[in-house]
Amino acid sequence: MAIPFLFPTWWMITSSFKSVSEIFAFPPSLVPLSPTLQAFVKAFTFQPFAHQYFNSAYIAVVVTLTTMIISSMAGYAFARIRFRGQNVLFLVVLVGLLIPSEVTIVPLFQMFNGLGLVNTHWPLILVTSFGAPSVLATFIMRQFFISLPGELEEAARLDGLGRPAIWWRIAMPLARPALAAVAIFTFLNVWNLYLEPTVYLTSPELFTLPQALTRFVDAYSGPMWNVQLAAATLTALPVLIVFVIAQRQFVQGLAQTGLKG
């Protein structure tokens with residue numbers, strides 16, 4: 001049953017070591033008959049792929065860290081602090097999940113264009129840090145903090161800790177599984193962003209990886225298959241590594257927030 005899911009990944013990785021003629025050879029080969037690194041070399045020489053790789057990496061890291069901080073603070077407030085209109089405000093926040101990004105992309109572009117931030121990375125950082133991924137992260141963190149026993153807060157207050165100290169020194173260390181789930185969700189979402197970079201960025205040196213993958217074409221606008229597959233393999237590698245390392249905490253975090261299954 002795993003073969004239909006694993007085979008495309010296997011084909012992508014192995015074909016990145018093949019020539020174009022071998023990729024389309026019949027019968028097809030499951031392993032490269034004459035493996036070569038030429039496609040990987042061309043991926044970095046055809047356009048500033050290394051710079052674009054760095055762009056995606058630092059944007060994903062910045063947005064992930066920002067989202068973890070904002071969502072944990074908001075989730076803790078919604079879960080542990082009682083205030084008037086709490087449920088109504090949380091419902092308003094959740095409505096953000098129902099609004100497609102295509103609906104807000106034009107007014108956001110006008111706003112950032114007026115601020116002179118178009119063709120910079122600021123729109124990608126700000127929109128994704130406060131957009132739908134942050135709403136989902138807030139929901140996950142709220143569900144986790146609700147499950148924490150109230151005795152922990154009472155003991156912390158007896159020790160003289162205020163709300164910020166309780167959040168940072170008590171709640172955050174206990175929320176590592178939920179934070180791991182938030183980190184993976186957010187990192188994957190930002191790493192795969194395509195619409196927003198296409199709208200806000202025009203300079204190739206500012207492109208992110210999803211944009212860069214569409215630019216590996218020849219003089220006749222035909223796809224350079226082996227180069228595209230090599231670039232796609234390099235693009236998928238960080239996500240696979242992060243998930244393999246954190247998959248245990250990821251599953252545990254989803255289970256403890258009621259989202260498993």
Side-chain angles (χ1 to χ4, degrees), residues 12 43-44 46-75 92-141 179 181-217 221 223 227-229 231-243 250:
M12 175 185 69
F44 287 94
F46 188 80
Q47 61 177 334
F49 190 68
H51 199 172
Q52 295 159 349
Y53 209 99
F54 172 77
N55 293 338
S56 283
Y58 100 82
I59 291 174
V61 170
V62 170
V63 172
T64 299
L65 294 177
T66 304
T67 301
M68 290 171 66
I69 294 175
I70 294 174
S71 64
S72 62
M73 295 176 68
V92 171
V93 172
L94 289 182
V95 169
L97 289 174
L98 306 179
I99 302 177
S101 59
E102 293 81 2
V103 174
T104 59
I105 194 71
V106 173
L108 285 174
F109 176 84
Q110 294 292 342
M111 182 183 71
F112 286 117
N113 188 42
L115 296 173
L117 297 179
V118 172
N119 202 31
T120 70
H121 291 149
W122 279 111
L124 304 183
I125 295 174
L126 294 176
V127 171
T128 50
S129 295
F130 296 94
S134 184
V135 174
L136 177 61
T138 299
F139 176 77
I140 293 175
M141 297 306 300
L179 288 172
V182 167
I184 293 179
F185 270 132
T186 307
F187 187 90
L188 182 61
N189 178 272
V190 179
W191 190 260
N192 291 328
L193 277 182
Y194 179 74
L195 174 63
E196 288 80 359
T198 302
V199 171
Y200 294 119
L201 304 179
T202 57
S203 301
E205 63 272 10
L206 295 176
F207 283 177
T208 57
L209 289 177
Q211 279 180 289
L213 292 178
T214 65
R215 297 302 180 102
F216 290 108
V217 293
S221 298
V227 180
Q228 282 189 352
L229 290 171
T233 299
L234 294 174
T235 301
L237 195 59
V239 177
L240 293 175
I241 293 175
V242 170
F243 183 78
F250 175 69

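Every pair passing side-chain hydrogen bond (donor to acceptor under 3.5 Å, both in side chains) that includes a residue from residues 199-208 is listed here, sequence neighbours excluded: N119-T202, N119-S203.
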Hey, can you pull the donor-acceptor pairs under 3.5 Å for the side chains in residues 186-195, sequence neighbours left out?
unit_1 : atom_1 : unit_2 : atom_2 : d
T186   : OG1    : V182   : O      : 2.8
W191   : NE1    : T235   : O      : 2.7
N192   : ND2    : L188   : O      : 3.2

Would you mind writing out the side-chain donor-acceptor pairs for residues 102-111 within the sub-3.5 Å range, not counting sequence neighbours?
unit_1 : atom_1 : unit_2 : atom_2 : d
T104   : OG1    : S101   : O      : 3.3

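Applying the ring pair (Phe, Tyr, Trp, His ring centres under 6.0 Å) criterion to F54, with sequence neighbours excluded, gives Y58. Residues passing the side-chain contact (heavy atoms from CB on, under 4.5 Å) test with F44 are F49, A50, L234, sequence neighbours excluded. Partners of L94 under the side-chain contact (heavy atoms from CB on, under 4.5 Å) rule, at least two apart in sequence or in another chain, are F90, L97, V135, F139.
In terms of modelled atom types and a separation under 3.5 Å, the side chain of Q52 and the main chain of P204 share a donor-acceptor contact. Without hydrogens or angle criteria, S71 side chain to S134 main chain gives no donor-acceptor distance under 3.5 Å. Judged purely by atom type and a 3.5 angstrom limit, Q211 uses its side chain to pair as donor or acceptor with the backbone of P197.
Looking at heavy atoms from C-beta onward, L126 lies in side-chain contact with F112 at the 4.5 angstrom threshold. Looking at heavy atoms from C-beta onward, L179 lies in side-chain contact with M141 at the 4.5 angstrom threshold. Residues L201 and L124 form a side-chain contact, since some pair of their non-hydrogen atoms from C-beta on lies under 4.5 Å apart. Two residues are said to be in side-chain contact when any heavy atoms from C-beta on lie closer than 4.5 Å; P210 and S56 meet this criterion.
Of all the heavy atoms in T128 and T67, the pair that sits closest is O-OG1, 4.2 Å. Shortest non-hydrogen contact noted between A231 and F216 is CB-CE1, 3.6 Å. Across every non-hydrogen atom of R215 and F46, the tightest pair is O-CE2, 3.2 Å.
Within 6.0 Å of CE in M12 there are more than 12 heavy atoms belonging to other residues, nucleotides or ligands.
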